[in-house]
Amino acid sequence: MEEVIVSAPGKVILAGEHAVVYGEPALVATVGLRCRVKTRWIEKKQILIKDEYEDVSLARLAIEASLKKRNQLSEGVKVEISSELPIGGGLGSSAAMGTAIVWSLLKGYPEVLKDRVVKLVEDKQHKNSSGLDQAIVKEGGVMRYQRGTGFKKLKKKNWPEFLLIDSGKPVEGTGEMVAMVREKKRKYGEVFKRIGEISEQWQEKKIKENQRLLEEIGVVGGEAKKMIREIERIGGMAKISGAGGVKEGSGILLGFHEEIERLKRLVERKKWKYYQVKLGVEGVRYEKN
Ligand code: MEV
């Protein structure tokens, strides 16, 4: 059988993480870093995963859910995964991987079915997810997303330039961070509302306020706070993007400065790892062999 190659992008949340789980709107964009999956049917009944990601359990989950839909649990398949996305840093690496695997194994099947299988994988991986990662990775571009109502794609041509700065890999998974916030969700009702308002009236300069609100709900660790204060000291701003993390790193920071070169100089002087990427790229797609 033919070899199928699929690639899916990562994402960055401009505003609205965590609050989106409780029905507030979020603003999210794809980033120009992709996960690539190549699948080939093999004769013997076995699943071979060549995974540079080392997230074999998620890959296996996505493969088995797809094979079940095809009623082909007895078939063998070889899946090769490679990714430009940092893992578990808030850039949607698992949604990109899950989506690319499902799309490759269910090529030719209706989209609603692929959506259902990706959702199943996302739910198993993250427990109570808002569905935001799945929507943006599939649709691409920049969108307003709200749980229940769905998404609306936005057409703003000149999105500012950002730096995606690595504050260290969180040891907590997304599901764990979401569960931590859930425990005190009554207390944070007002904060969620204010985060939702930022998503609706988003401007670059609101990144700072969004970050303060994320600190209020306790999803930002000490190292990330220190880095963000240093960025603010030179007139820039930054926020976590995604679920965050408190014990060690807090994942990727969305960094902004009116003069982006100044932020770049700081980041390079500090030897922080960073990515400068295009926003709003195409969603999941079949690649030519
Ligand atoms: C994860 O990318 C964003 C969170 O809001 C969780 C979710 O929306 O499911 C933290």
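For the numbers below, each heavy atom of this structure counts, side chains included, while hydrogens, waters and symmetry mates do not. Just follow the structure's listing: the first ligand is 1, and inside any ligand the first atom is 1.
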Any heavy atom of Ile13 sitting closer than 4.0 Å to ligand 1? yes

Close-contact set for ligand 1 against Asp133 heavy atoms, below 4.0 Å: 1 (C), 2 (O)

Using side-chain heavy atoms (C-beta onward) and a distance below 4.5 Å, is Arg194 in contact with Phe192? no

Can you tell me which residue and heavy atom of the protein come closest to atom 4 (C) of ligand 1, and the distance to 0.1 Å? His18 N, 4.0 Å

Counting heavy atoms only, which part of Lys11 comes closer than 4.0 Å to ligand 1: side chain, backbone, both or neither? side chain

Considering only protein heavy atoms, which is closest to atom 7 (C) of ligand 1, and at what distance to one decimal place? Ser130 OG, 3.3 Å

When you compare the side chains of His18 and Ser130, does any donor N or O come within less than 3.5 Å of an acceptor on the partner? no

Would you mind checking if Arg285 and Glu282 are paired as a salt bridge, meaning a charged N to carboxylate O distance below 4.0 Å? yes

Under 4.0 Å from any heavy atom of Ser129, which atoms of ligand 1 are there? 9 (O)

For the residue pair Glu161 and Gln276, confirm or rule out a side-chain donor-acceptor distance under 3.5 Å. yes

Do the side chains of Glu64 and Arg60 get close enough for a salt bridge, i.e. N-O under 4.0 angstrom? yes

Which ligand 1 atoms, with their elements, are less than 4.0 angstrom from a heavy-atom of Val20? 5 (O), 8 (O)

May I ask you to list the atoms of ligand 1 that are less than 4.0 angstrom from any heavy atom of Glu17? 5 (O)

So among Val77, Ile101, Ile63, which one has a side-chain contact (heavy atoms from CB on, under 4.5 Å) with Ile49? Ile63

